[in-house]
Amino acid sequence: MSEAETKAEPPQEEAHDERIREISPLRKALIRPELGSICGVILVFVFFFLIARDSGMFSPEGVINWTVVSAQFAIIAVGACLLMIAGEFDLSVGSMIGFSGIVIALLSVTYGLPMWVAIIAAFLIAMGIGWLNGFLVIRTGLPSFIVTLAFLYILRGLTIFLAILTTNKTIIGGVRDAAEGDWLASLFGGKILTGFFKWMGDNGWIQTFVAGNRAGDPVVDGIPMLIVWAVALIIFGHVLLTRTRFGNWIFASGGDAQAARYSGVPVNRVKILMFMFTAFCATVFATCQVMEFGSAAADRGLLKEFEAIISVVIGGALLTGGYGSVIGAALGALIFGVVQQGLFFAGVESSLFRVFLGVILLLAVILNTYIRRSITGER
Amino acid sequence: MSEAETKAEPPQEEAHDERIREISPLRKALIRPELGSICGVILVFVFFFLIARDSGMFSPEGVINWTVVSAQFAIIAVGACLLMIAGEFDLSVGSMIGFSGIVIALLSVTYGLPMWVAIIAAFLIAMGIGWLNGFLVIRTGLPSFIVTLAFLYILRGLTIFLAILTTNKTIIGGVRDAAEGDWLASLFGGKILTGFFKWMGDNGWIQTFVAGNRAGDPVVDGIPMLIVWAVALIIFGHVLLTRTRFGNWIFASGGDAQAARYSGVPVNRVKILMFMFTAFCATVFATCQVMEFGSAAADRGLLKEFEAIISVVIGGALLTGGYGSVIGAALGALIFGVVQQGLFFAGVESSLFRVFLGVILLLAVILNTYIRRSITGER
Amino acid sequence: EGERIILISHAPDSDSWWNTIKNGLALAGEHVNADVEYRNPPTGDIADMARIIEQAAASNPDGIITTLADPDVLNGPIQNAVAKGIPVIIINSGTPEQAAEVGALMYVGQPEYDAGLAAGMRAKRDGIGSFLCVNHVVSNPVVGERCRGFADGLGVELGDSMIDSGQDPAEIKNRVKAYLSANPNTEAVLTLGPTSADPTIEALKENGMAGQIYFGTFDLGTEIVKGIKDGTIQWGIDQQPFLQAYLPVVVLANYNRFGVLPGNNINSGPGFVTKDALSKVEEHAGEYR
Amino acid sequence: MSTPLIELKNIEKHFGSVIALNGVSISVYPGECHCLLGDNGAGKSTFIKTMAGVHQPTRGEIFMDGQQVVFNTARDAIEAGIATVYQDLAMIPLMSVTRNFWMGREPLRSVGPLKFIDFEMANRVTMEEMDRMGIHLREPSQAVGTLSGGERQTVAIARSVYFGAKILILDEPTSALGVRQTSNVLATIDKVRKKGIGVVFISHNVRHALAVGDRFTVLNRGQTLGTAKRGEIEAEELQDMMAGGKELAQLEGSLGGTV
Amino acid sequence: MSTPLIELKNIEKHFGSVIALNGVSISVYPGECHCLLGDNGAGKSTFIKTMAGVHQPTRGEIFMDGQQVVFNTARDAIEAGIATVYQDLAMIPLMSVTRNFWMGREPLRSVGPLKFIDFEMANRVTMEEMDRMGIHLREPSQAVGTLSGGERQTVAIARSVYFGAKILILDEPTSALGVRQTSNVLATIDKVRKKGIGVVFISHNVRHALAVGDRFTVLNRGQTLGTAKRGEIEAEELQDMMAGGKELAQLEGSLGGTV
Ligand SMILES: Nc1ncnc2c1ncn2[C@@H]1O[C@H](COP(=O)(O)OP(=O)(O)OP(=O)(O)O)[C@@H](O)[C@H]1O
Ligand SMILES: Nc1ncnc2c1ncn2[C@@H]1O[C@H](COP(=O)(O)OP(=O)(O)OP(=O)(O)O)[C@@H](O)[C@H]1O
Ligand SMILES: [Mg+2]
Ligand SMILES: [Mg+2]
């Protein structure tokens, strides 16, 4: 019996079905989850280059300006992206940012603990809440929309309540003084490469201030740690997702939890860890902000959950899970940041920003859908 | 050939399978989508009766107070409920409220059109946007979360932009004067049964004002049209959903759009109409508010979309569509209103309000899930 | 003794400036031995605030202290409360005339537009001809009045000078930098509260304009006080929110007990806080100032 | 023979770059069970969806009782008397049996100018019809999700028969069913056919097809391989045609007989 | 005979008020194809999910190579050498063939202290193994969603065989397949069996079972009706047992032979 031939034949025919046209290799190379956001980035840059070239948007300070804003979005977008690929999402990110900030300020300023203890405690508490989110979603089988919506309210309420209860204020300042010289705090605040920029300034390669309190300093004096964190998280997320076993499990959990479970993927663990990672990213955001501005306020992070989700979706991820890319989410955050700041450079009436944002979101998602359908042959 | 017997037998056995315990008739009578919210209402009233009895919460004005707030939630919850049962949801409700209000005020006050023209125009524009929402969702196959999130931003941006462009302010007053004597405006503002309340006041059955320009009038002088609208919409929604052909189509479209399409249900039309109905409800909300308060502001309706969704979900509807009840949503709105105002009556620290809200949401949804699983035998 | 007095504001939960009001309220309650409660609409929606006033009236308190953020919306509920025989005092937003119209006992505060106008005129005296207004709650109708007043005081069009900065500090900071980089001829910056002022201070420090550009702000806070001290900020307009909460409680309590009432409205502001005599302000900024 | 109930001529259907049907013709006579056979992806489901108005043919004509018709929506076809039980069941699990039974054709009762669903009548008819098919429901408001697969299939068939379908289309109704359930479905087909309804029955299982079929059409890669009458063709022949005419002898040899 | 590869004794499984399994025992020897037959809802899927570690039995014992074992998760069973191809396919359509192939057992490559998936090796092996099964993929990064049902099934089987499964469980792999695809799957089973792997094959189709089965166990309402060797039992007998011993003669009479 010659099984090999018998079986080799029919599928071969299926693969080269005369009823299906071949997809061109170029098109095949192009269709990736990130394609939509890559096009978006190009479009956005061309657009602003045309209308806001001489507004200083592309000078060193201008670049740092929109990069910092994009980096902020990117930090929470990485968490939201991995979580969304794992099939869930988190509406409590914004409230978590406010909450973590207040926890750090409370512990360090009000209760006088060393800054590093406060920061570590904030991370632990936040990740504990992330765990709780995940646990409730897994245990009750409720949609994560509902569970995390509940936490959106609970955390915001707790933040305001805690702040008022302990300090009578909803803004707690003086964090910078408390952070002075702390080893962990310097990982979140401050800048790197200051020497290098100083040197460039001294050599006249970048502009220096001519007057004012900082005359002689270069206009850009370093890379804020915020950007470093964003880059680190993007690289970490991207490698985790595409190169590791755990990344494969994230895709599998979001693609079809039941199927993944059958194949031995510990889906519950993956999902809960992703909720914790999202909380981690929110806390990174909060810590950087607290260190930079020296104060924590109970209203920080309002609506950030939507901004994170928008970045991720612009970046080509599927709201229903199982598909997406960290690089795409980062590009989505870049688009978001550039558009937002660009409109200010261009001097457009600022209330139109939201209109632009909505339109870009729609266009990006429609483009992404088209691309995804090409990849998966889904109809 | 005796087909009848052959076929009558086996399924009978399946129905009375010895391997499955029977469900008690009592339990069967109890398990309805509304059960969770009925329990919730009872609990909430008992709770506030115990802790806030003598705070005036159950005096006539107190009752009107939380009824009006609940009626507000109910108006948007009815729209959100039908839409959710049809399998979609709308995050742009809150922005739509702000938008419609500004449109009415702009047309009537700034451009001096007759009030009824302004109101009808606002309804038409809003329902046009509802149609656009629906059209985009149907046409692109995108999740309604994304499409309506885009409109959340677009509409809010347009509202602020329009208001600032035309009047340099984000608030437009003087609507009450413009509405004076308008036939359509009186359907949204004003009160009914004023004679009856006056009579009760004269007889001393309800308290009367002791000072000011209204001395002698009863403290509650009628039922606001807002409540009338809420009741009318609830009855309309409930009858539509449970008693009519179109209602059956709403369930079908949300339960399984493909299956419904196969059976000849015009799913696209149903979904688009439901988006338009949601926009209609939002505009009723906005018009009542504008008529009652005489001004429209660009920040009206912030986060109302979540409040609508929460009411609906507390009322037992399924976020994924195909299951729910308008009565449940109305009870959800009642719970929401009573808790919100009740906490004020009870003098609870107001920042804790959100914490309560989140916890109630979680508990209600867990209860509802348990009930639904009992009904459908789903695991 | 033990009167129940309720203070209702139009501010969202998250607005930190109102905290001073809360503290003033609590302190006054302690001092005159009254039960005080603070209420606000969670999202800052003034229509929701109307419901809260109605609710407060329904609970028969011995006095209501409220802002008059939008007379169209709030006149009705406040008048009803007055008609029920509840003494009402208007604070913060609104004008003395509007307060009289609704039948309130008195007005304590700083009319927003007038404060903006006064600030604008002062800036004009200092030789300013153009400005940037950083509005962190652009959709809120009350706060924006300050910008309008300021523009009118300067005698210029508001136009594009007001930006919607959002509430995120990093975004505010970078939007201010972007605006100033695109409009280098801007002569002055006006911020409308600590939420927008704190990041603006950072922005100016970073782009080297701190101390160079004319910088005025509404309402005080820890960072603002520091800014005034080191010369980044020329002046802060202090409407002394503490008084807006403290005085009405005292007035209402005494009105209730002894029927006494001051004959006038009280203007708690605008007071310009400048570099001189800052130490008290510094100590209590954000808490009682 | 009389005019066919329905006749489809040279139906073509393209989905973008995929040519799912490439000129398929069949006809169905009253009281006949016409079996549609073919490999996976041969286009059977696409074909009957065209017949049921779910897809519009790219080319080709449809005649009912000799008259050309065009179905723009599933509703059109349903109204013309074509009832379909889909492979993917077209039942909505969370809805009650009654609501599913009447979906798309709810019976109305006028109250003044308003029209409501006549639930009393709807429930009664549902119970009766299900009884007639041998399924005894606990109550008509039971959710369809609580029924077994076989029971659901019966709801779908009962519904079609009740609505006086002239043509009943069944897409692989037996593929997931056990022996007993399969027998039931086949017997139902037999019964329906005897009422003069034309049945289109899709199956991969030659034996199931031979058990009830009057005529057999084999599809292959979007084209008709031919139509045969009952008795004119053997199981083995049919099987070979379905498999695309490939020689299966080797396999059969090692595996012992027709699969 | 030697010791069985796996032996399950008196397995019971309750889901709340539903008793899905009520004392089922079977054993599988190396190189044997054990067919599990039974009506809808008989408990076949539940039983093999217990074997695969997805469900934990309420009562009963499992022995592998004579040693008692307990599977707490699907992973435990997979590691013990039990591979399963589920009725609901357990493939993730949006993921690439390679990622699906290796899901849960990704090959790792160390870079310093870090461990990454060895994609080069993974892709190569996937292509090779699929080739060996007669499926020529365009590229290993193709999404599984673009494969046909039969091809997906083959990915699942190829994966199990590659991972050196000692026992391969197939839950109704042929129910939705055409004749040719079915032949392929049956041939694959035959091939796998010849490698000394024990196969558990679930089907509703007696002919498919008889084509490859060495032993046949019939389940009915959660209980074993008995196990028979190949040759000891006729198709008709098996069929009767599956239908719960009911007399099907009437139907068969009217419908012409075994269905
Ligand atoms: N909506 C669609 N868009 C694109 N291609 C489609 C669509 N529907 C079906 N096809 C393709 O058309 C061909 C025929 O599919 P169809 O479902 O009709 O086959 P079938 O004979 O029913 O197969 P099976 O026996 O597996 O049910 C397949 O290649 C399928 O991929
Ligand atoms: N998770 C579960 N919870 C409750 N009951 C279940 C669960 N899984 C299966 N059952 C029930 O257990 C019984 C056996 O189901 P199972 O899926 O094992 O049958 P089967 O023999 O595989 O049927 P089929 O041939 O239709 O695939 C059925 O009555 C089913 O409803
Ligand atoms: Mg098919
Ligand atoms: Mg099964």
Side-chain angles (χ1 to χ4, degrees), chain A residues 52 55-57 59 61-62 64-66 68-69 71-72 97-98 156-157 160 163-164 167-174 209-215 217 219 221 226 288-289 292-295 297-304 307 337 340-351 353-354, chain C residues 12-20 22-23 26 38 42 135 138-139 159-160 162-184 194-195 198-199 201-213 221-223 226 230-232 285-288:
Chain A
S55 66
M57 183 169 173
S59 70
E61 327 151 63
I64 282 285
N65 186 302
W66 47 257
V68 167
V69 174
Q72 271 206 342
I97 290 173
R156 184 67 68 191
I160 298 173
I164 291 180
T167 65
N168 267 332
K169 298 193 238 183
T170 55
I171 286 194
I172 305 178
F209 288 117
V210 291
N213 52 347
R214 297 180 53 199
D217 282 359
V219 288
D221 63 351
L226 191 75
C288 285
Q289 201 169 63
E292 182 176 354
F293 292 101
S295 72
D299 61 350
R300 295 277 160 80
L302 270 181
L303 288 185
K304 281 276 172 284
E307 297 175 357
Q340 176 167 322
Q341 295 307 111
L343 290 177
F344 286 94
F345 279 106
V348 176
E349 160 65 40
S350 57
S351 55
F353 161 64
R354 295 165 210 241
Chain C
D13 278 355
S14 43
D15 195 328
S16 25
W17 182 82
W18 285 87
N19 202 42
T20 314
K22 278 194 188 177
N23 295 337
Y38 174 87
N135 188 344
V138 77
S139 58
D160 284 348
M162 182 171 82
I163 62 165
D164 169 4
S165 67
Q167 304 211 347
D168 180 86
E171 286 169 28
I172 296 173
K173 179 176 106 182
N174 285 295
R175 286 180 190 189
V176 168
K177 279 163 73 179
Y179 183 94
L180 291 177
S181 140
N183 303 279
T195 308
D198 296 1
I201 297 171
E202 290 297 316
L204 297 182
K205 281 191 180 146
E206 273 178 31
N207 71 5
M209 287 183 176
Q212 303 298 301
I213 197 166
T222 324
E223 299 293 315
K226 273 194 215 152
D230 68 20
T232 311
E287 207 172 342
Y288 296 113

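Nothing here was measured: the structure is a model prediction, and the numbers come from that model. Protein chains get the first letters and strands the later ones, always in sequence-line order, with residue 1 at the start of each.
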Original post:
Side chain, backbone, both or neither: which part of E292(A) has a non-hydrogen atom closer than 4.5 Å to chain C?
Top reply: both
Subject >> Donor-acceptor contact below 3.5 Å, side chain S181(C) vs main chain S55(A) >> reply: yes
Subject >> Contact summary for F345(A) and A182(C), nearest pair of heavy atoms >> reply: O-CB, 3.2 Å
Original post:
Looking only at heavy atoms, what is the nearest atom pair of N174(C) and N65(A), with distance?
Top reply: O-ND2, 3.0 Å
Subject >> Derivation of the side chain to side chain contact (heavy atoms under 4.5 Å, CB included) call for Q341(A) and K177(C) >> reply: CA-CA 10 Å; Q341(A) 295 307 111; K177(C) 279 163 73 179; over 6 Å; no
Subject >> Atom pair NZ/CD of K173(C) and Q289(A) - distance to nearest 0.5 Å >> reply: 10.0 Å
Subject >> Choice from M57(A), E61(A), Q72(A) maximising heavy atom contacts with chain C below 4.5 Å >> reply: Q72(A)
Subject >> Structural part of P184(C) lying under 4.5 Å from a heavy atom of chain A >> reply: neither
